[in-house]
Amino acid sequence: AQTVTQSQPEMSVQEAETVTLSCTYDTSESNYYLFWYKQPPSRQMILVIRQEAYKQQNATENRFSVNFQKAAKSFSLKISDSQLGDTAMYFCACSPQTSYDKVIFGPGTSLSVIP
Amino acid sequence: DAGVTQSPTHLIKTRGQQVTLRCSPKSGHDTVSWYQQALGQGPQFIFQYYEEEERQRGNFPDRFSGHQFPNYSSELNVNALLLGDSALYLCASSFGYVDNSPLHFGNGTRLTVT
């Protein structure tokens, strides 16, 4: 079984500043993927960044980067140069490599970017 | 290039009724998954369809059933609706079963059960 925990229900950040969202997970799988998804008010779930657990190098996508600590089962998301369009719910998620579409989501963190 | 489309956008039903939600996958995708997102929570996996068969299922009762058509579109059916079935239902598509192609989500159907 897999579980994903996000301990920060709400966060805020000033525009152009940096913010880090926390996530911890638990899984019995040896090979798995970790994700951060963004859900704006439009409700569409958008993939922000993906990390293969077997890769030690932290994934980056433009202003978004992760800090993947496999032994600690921690997977935090750093957003640099925050923009107003980053305001959304952010979900940390995990899926086993053998059941890729069976994604387990955390409860989410509501991020507000303040002008 | 059309993304994942879901219909209807909103739906109101009464307890005990049955409902059908529809999903058209992104062009080129052949696998469809359904998720239930209760208010204030993360989505929960319901099931996945590939080659017109249910391949994986989450912890949902048999009242939740689905279908995939030859054109890869899919339906989610819920029988004997309960108040607790009120949620946003998300459809996601991908290419290739057990492949690691990214999931693409639709905008969801908001179901309210009164």
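As the structure is a computational prediction, the values presented were derived from the model and not from experiment. Just so it is clear: chains get the letters A, B, ... in the order the sequence lines come, proteins before strands, and each one is counted from 1.
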A.B. asks: Tell me, side chain or backbone of A:Gln6 under 4.5 Å from chain B's heavy atoms, or both, or neither?
C.D. replies: neither
A.B. asks: Sort B:Gln37 into side chain, backbone, both or neither according to what part of it lies under 4.5 angstrom from a heavy atom of chain A.
C.D. replies: side chain
A.B. asks: Do B:Leu103 and B:Trp34 land in one hydrophobic cluster if side-chain heavy atoms of ILVMFWY residues count as linked below 4.5 Å?
C.D. replies: no
A.B. asks: Check the hydrophobic clustering (I, L, V, M, F, W, Y; side-chain heavy atoms under 4.5 Å; chains of links allowed) and say if B:Ile12 and B:Leu83 are grouped together.
C.D. replies: no
A.B. asks: With only heavy atoms counted, which part of B:Ser93 is less than 4.5 Å from chain A, the side chain, the backbone, both or neither?
C.D. replies: neither
A.B. asks: Aromatic contact between A:Tyr25 and A:Phe75, with the criterion being ring centroids under 6.0 Å apart: yes or no?
C.D. replies: no
A.B. asks: Please state whether the rings of B:Phe105 and B:Tyr35 are parallel, tilted or perpendicular, taking 30° and 60° as the class boundaries.
C.D. replies: tilted
